[in-house]
Amino acid sequence: MTRIHSTTLVAVLTLSTACAGLEPPMSLRVDRSLNVGNMGARNSFELRNGVGVGDPEPASDSSDSPRARRPVTPLLFWIGIGLTAAGGGTVIGSAAGAAATRNQLRTAYSDGTTAARIDELEQRGSNLNKVSLAGAVLMVAGAIMAITTYGYDYTRCGPLAPKRRRDTAPPGRCAAPDSK
């Protein structure tokens, strides 16, 4: 029986795949139809939609206007905070219940209670572990939701971002009028 050593196998694989690197590189030819022209000139999309043309007229914030929308990020942020708080409360409550159940189970073992009572306490502990896990998942999901929403608003100078952010933001990032 022939046995291939790992170094031999590596050498064979290296030599077999090195052929692709030994060929001379081909010159890259770009099709003339892909020419983008003068990058400094405006294209039809920019001209049609007024992109980059001065400051736009400030939109009226009247609530009767059908196009007026309220930002959704504060709602998502507070839902995330609520989920985090609910998950944290669930974890704390289930941990307290599990500690009490553990103490009852210890006394049940030392007192010699019935097997049915011990099974009941073990089942309760198992259920409390599942509730604790669900609460932890809920808490992490809420925290991720809140942090992501705040980060989104912070980078785009949305309603959750502090007003001083507009002074320190990169140029052009916070060009919208202050609506806070």
To the closest 0.5 Å, what do you measure between [atom1] ([X]) and [atom2] ([Y])?
{"X": "Thr155", "Y": "Tyr150", "atom1": "OG1", "atom2": "OH", "answer": "10.5 Å"}
{"X": "Ile144", "Y": "Thr149", "atom1": "CD1", "atom2": "OG1", "answer": "11.5 Å"}
{"X": "Thr101", "Y": "Arg106", "atom1": "OG1", "atom2": "CZ", "answer": "12.0 Å"}
{"X": "Leu76", "Y": "Ile81", "atom1": "CG", "atom2": "CD1", "answer": "12.0 Å"}

If Ile, Leu, Val, Met, Phe, Trp and Tyr residues are connected whenever their side-chain heavy atoms lie under 4.5 Å apart, and connections chain through other members, are Tyr154 and Phe77 in the same group? yes
Tell me whether Ile92 shares a hydrophobic cluster with Leu138, the cluster being built from Ile, Leu, Val, Met, Phe, Trp, Tyr side chains joined at under 4.5 Å. no
Nearest heavy-atom contact between Ala136 and Val91 is N-CG2, 3.4 Å
Where Ala143 and Thr84 come nearest, the two heavy atoms and their spacing: N-OG1, 2.8 Å
Run the side-chain donor-acceptor check on residues 124-134: report pairs under 3.5 Å with partners two or more places apart or on a different chain.
{"from": "Arg124", "atom 1": "NH1", "to": "Gln104", "atom 2": "OE1", "distance (Å)": "3.0"}
{"from": "Asn127", "atom 1": "OD1", "to": "Gln123", "atom 2": "NE2", "distance (Å)": "3.4"}

Check whether Thr90 reaches the backbone of Gly135 with its side chain - one donor and one acceptor, N or O, closer than 3.5 Å. no
Thr148 side chain to Met145 backbone, donor-acceptor under 3.5 Å: no
Please give the remaining members of the hydrophobic cluster of Ile118, linking ILVMFWY side chains under 4.5 Å, ordered by chain and number. Leu105, Tyr109, Leu121
